[in-house]
Amino acid sequence: MSKKGIAILGATGSVGTQALDVIRAFSDKFEAVVLTCGSNGELLIKQALEFKPKSVVVTDPIQYKKVKEALASQETAVLYGEEGLIEAVQYAEIAIVLNAIVGSAGLKPTVTAIRAGKDIALANKETLVVAGELIMALVKEYGVNMLPVDSEHSAIFQCLVGEDQNPIEKIYVTASGGPFRGRKRDELLQVTKAQALKHPNWSMGAKITIDSASLMNKGLEVIEAKWLFDLAIDQVDVIVHPQSIVHSLVQFKDGSMKAQMGVPDMKLPIQYALTYPARFENNFERFNFMDYPTLHFEKADMETFRNLALAYATLRAGGNKSCILNAANEVVVGAFLDDKIGFLEMSDVIERTLDRVEFIANPALEDYLETDRLARLITKEIIKD
């Protein structure tokens, strides 16, 4: 049996490195055909020397030169930028494109890969936040699989296997609550970057960790879930679960609920996306109920963490509103990490951007891309004011 070819977009990030752990563990079944990175050229070089992919893609110009020189004697081709991503995801050897790029930069490669008939293992939630309606229409048109990698969406996906004929009443996306769970707005006025980057359960990149602290990550996941599972907005709820053991739940029309549980580890949802519909035996850590004799759940505080409320509002508005939300959020998170704005100011700036960017009710791909560009410019102007 030939190996299944995998392209990993964002190979040097948290999800990408864990995906390579999975490929390493099942080297007789998977082959890394394409690996990509933004700024961590040094790690990409090591990965390329180990996995010997057909090509690597680097989106940072300085790192591109470094990687190209380091791999000059290798058979691996070194491609550059968005054009390189677009070219690489279309290789005939690729069966699945694992998109673990952070932010809206993942949109165009996903569109290209779908049109090339590739299954998508999606860790880049922004693709569906920015253009969910368009993406899911393309998935249907080209007959490919959209396999969620986020732990919450993988959980929902796993709970729905075998339930094709059973209507969903509601899904519950679980949230850890982040490092500031239980705090009120006046307690968050002086929050520091170091405090916000200390997630209690998960090890993630800086952007996603800040999103988790502000609950924007959960807002983006609500939007992603709506499109992935073709749900009405009021069918998607968020429940805070500090232990991060129940990854999400599905409630059916008869009131029965199914939950997917496990230790907080991304390797399992990554593996399931790559092996679906099969489950391969592995040596990952197993969950022990005795380690967690009590599981706790509570309501999400949307008054303190306004990003979650803003996400629901953009979903109800439709059109390009969620695209504006995502673009503004990427800018404000960068500004917060650069100590240019405070933690609570992020929501204020996002809200002002949502009011200032033109609403488009039925956007095409070009409209989404232009909305993303304009929203970033306006957000930066607001921060400077």
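This is a predicted model, so every value here is computed, not measured. Below, each value reflects all heavy atoms present in this structure, side chains not excepted, and no hydrogens, waters or symmetry copies.
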Output for pair (T379 OG1, I324 CD1), nearest 0.5 Å, gives 9.5 Å
Between atom CG of L20 and atom CD1 of I270, what is the distance when rounded to the nearest 0.5 Å?
9.5 Å
For the student: nearest non-hydrogen atoms of Q47 and A11, plus distance
NE2-O, 3.0 Å
Contact between V357 and K321 at the side-chain level, heavy atoms closer than 4.5 Å - yes or no?
no
Using salt bridge (Lys or Arg N to Asp or Glu O under 4.0 Å), reason through R352 and D355 one step at a time and then give a plain yes or no.
CA-CA 5 Å; R352 289 172 65 187; D355 289 339; over 6 Å; no
Min side-chain heavy-atom separation L354-L325 under 4.5 Å
yes
Ignoring hydrogens and geometry beyond distance, is a side-chain donor-acceptor pair present between N329 and D211 at under 3.5 Å?
yes
Heavy atoms only: give me the nearest I45-A70 pair and the separation to one decimal.
CD1-CB, 3.5 Å
Can you tell me if R376 and T371 form a side-chain donor-acceptor pair at under 3.5 Å?
no
Tell me whether K193 at atom NZ has more than 12 heavy atoms from other residues, nucleotides or ligands lying less than 6.0 Å away.
yes
Mind running salt bridge (Lys or Arg N to Asp or Glu O under 4.0 Å) on K108 and E82 for me, showing each step along the way?
CA-CA 8 Å; K108 286 178 77 173; E82 187 178 81; 3.0 Å; yes
Is the closest basic N to carboxylate O distance between K267 and D265 below 4.0 Å?
yes
Looking only at the side chains, is there a donor atom on one of N307 and S347 sitting less than 3.5 Å from an acceptor on the other?
yes
Show me the donor-acceptor pairs within less than 3.5 Å that the side chains of residues 117-146 make with the rest of the protein, sequence neighbours left out.
unit_1: K118; atom_1: NZ; unit_2: Y91; atom_2: O; d: 2.7
unit_1: K118; atom_1: NZ; unit_2: I94; atom_2: O; d: 3.1
unit_1: D119; atom_1: OD1; unit_2: N145; atom_2: N; d: 2.8
unit_1: D119; atom_1: OD2; unit_2: N145; atom_2: ND2; d: 3.4
unit_1: N124; atom_1: OD1; unit_2: T127; atom_2: N; d: 3.2
unit_1: N124; atom_1: OD1; unit_2: T127; atom_2: OG1; d: 2.3
unit_1: N124; atom_1: ND2; unit_2: I101; atom_2: O; d: 2.7
unit_1: N124; atom_1: ND2; unit_2: G103; atom_2: O; d: 2.7
unit_1: N124; atom_1: ND2; unit_2: E126; atom_2: OE1; d: 3.1
unit_1: K125; atom_1: NZ; unit_2: D150; atom_2: OD2; d: 3.3
unit_1: K125; atom_1: NZ; unit_2: N217; atom_2: OD1; d: 3.1
unit_1: E126; atom_1: OE1; unit_2: G103; atom_2: N; d: 3.4
unit_1: E126; atom_1: OE2; unit_2: K207; atom_2: NZ; d: 3.3
unit_1: T127; atom_1: OG1; unit_2: G106; atom_2: O; d: 3.4

For residues L98 and L9, determine if any side-chain heavy atom of one lies less than 4.5 Å from a side-chain heavy atom of the other.
no
From the list D301, L220, L215, side chain to side chain contact (heavy atoms under 4.5 Å, CB included) with L308 holds only for L215
Quick check: does any side chain N or O of E330 sit under 3.5 Å from a backbone N or O of A327, one acting as donor and the other as acceptor?
no
Counting C-beta onward and ignoring hydrogens, is there a side-chain heavy-atom pair between P167 and F252 closer than 4.5 Å?
no
I want to check something: taking the side chain as every heavy atom from C-beta on, are V349 and I383 in contact at a cut-off of under 4.5 Å?
yes
If you draw a 6.0 Å radius around CG in N362, do more than 12 non-hydrogen atoms from other residues or ligands fall strictly inside?
no
Taking K218's backbone N and O only, do any of them form a donor-acceptor pair with E221's side chain (distance below 3.5 Å, no angle check)?
no
Between V238 and V250, is there shared hydrophobic-cluster membership here, with clusters defined by ILVMFWY side-chain heavy atoms closer than 4.5 Å?
yes
How far apart are the C-alpha atoms of K184 and E187, what are their side-chain angles, what is the distance that settles it, and do they pass the salt bridge (Lys or Arg N to Asp or Glu O under 4.0 Å) test?
CA-CA 5 Å; K184 297 301 179 185; E187 299 176 88; over 6 Å; no
Cluster overlap V149 with V173, hydrophobic side-chain contacts below 4.5 Å
no
For F30 against I6, the heavy-atom pair lying closest together
CD2-CD1, 4.1 Å
Those residues that, when tested against A95, pass side chain to side chain contact (heavy atoms under 4.5 Å, CB included) (two or more places apart)
K4
Take E163 and N166 through the test side chain to side chain donor-acceptor pair (under 3.5 Å) and record every step on the way to the result.
CA-CA 5 Å; E163 300 283 2; N166 296 317; 2.5 Å; yes
Note: V58 and Y80 closest approach over all heavy atoms is O-CD1, 3.2 Å
Whether N320 side chain and P363 backbone form a donor-acceptor pair below 3.5 Å:
no
Please tell me if the side chains of R24 and F51 come closer than 4.5 Å, counting only heavy atoms from C-beta onward.
yes
Same cluster or not: V78 versus L85, using hydrophobic residues (I, L, V, M, F, W, Y) connected whenever any side-chain heavy atoms lie under 4.5 Å apart?
no
Salt-bridge test for E351 and R306: reply yes if a basic N is under 4.0 Å from a carboxylate O, no otherwise.
yes
Side chain to side chain, V246 and L249, heavy atoms closer than 4.5 Å:
yes
Relative to the ring of H241, is the ring of F297 parallel (under 30°), tilted (30 to 60°) or perpendicular (over 60°)?
parallel
If you measure from NZ on K52 to CG on L71, what distance do you get to the nearest 0.5 Å?
10.0 Å
Step-by-step salt bridge (Lys or Arg N to Asp or Glu O under 4.0 Å) determination, D28 to K3
CA-CA 7 Å; D28 59 328; K3 296 181 183 180; over 6 Å; no
Short side-chain to backbone donor-acceptor contact, D60 and I62, under 3.5 Å:
yes
If you measure only the distance, is there a donor-acceptor pair under 3.5 Å linking the side chains of S176 and S244?
no
At their closest point, which heavy atom of F336 faces which heavy atom of I210, and how far apart are they?
CE2-CD1, 3.7 Å
Got a sec: does the CD of E285 have more than 12 other heavy atoms crowding it under 6.0 Å?
no
Whether K29 engages the ring of F280 as a cation-pi pair (distance to the six-membered ring centre under 6.0 angstrom, angle to the ring normal within 45°) should be assessed.
yes
So I168 and L231, do their side chains get closer than 4.5 Å, heavy atoms only?
yes
Answer yes or no: is there an ion pair linking R373 with E370, defined by an N-O contact shorter than 4.0 Å?
yes
Measure the spacing between CG of N282 and CG of L268 and express it to the nearest 0.5 Å.
7.0 Å
Under a single-linkage definition using a 4.5 Å side-chain heavy-atom cutoff for Ile, Leu, Val, Met, Phe, Trp and Tyr, are I114 and I96 assigned to the same hydrophobic cluster?
no
Does L189 CG have over 12 foreign heavy atoms under 6.0 Å away?
yes
Hey, is E381 close enough to K384 for a salt bridge, meaning N to O under 4.0 Å?
no
Distance, nearest 0.5 Å, that separates CE of M266 from OG of S14
7.5 Å
For the CD atom of E42 and the NZ atom of K66, what is their distance to the nearest 0.5 Å?
6.0 Å
Would a single hydrophobic cluster contain both V191 and I350, if residues Ile, Leu, Val, Met, Phe, Trp and Tyr are joined by side-chain heavy-atom contacts under 4.5 Å?
yes
Could you tell me which non-hydrogen atom of F305 sits nearest to which non-hydrogen atom of F180, and how far apart they are?
CZ-O, 3.5 Å
Hey, can you tell me if H153 and F229 have their rings parallel, tilted or perpendicular (30° and 60° cut-offs)?
parallel
Charged N to carboxylate O under 4.0 angstrom, R185 versus E303?
no
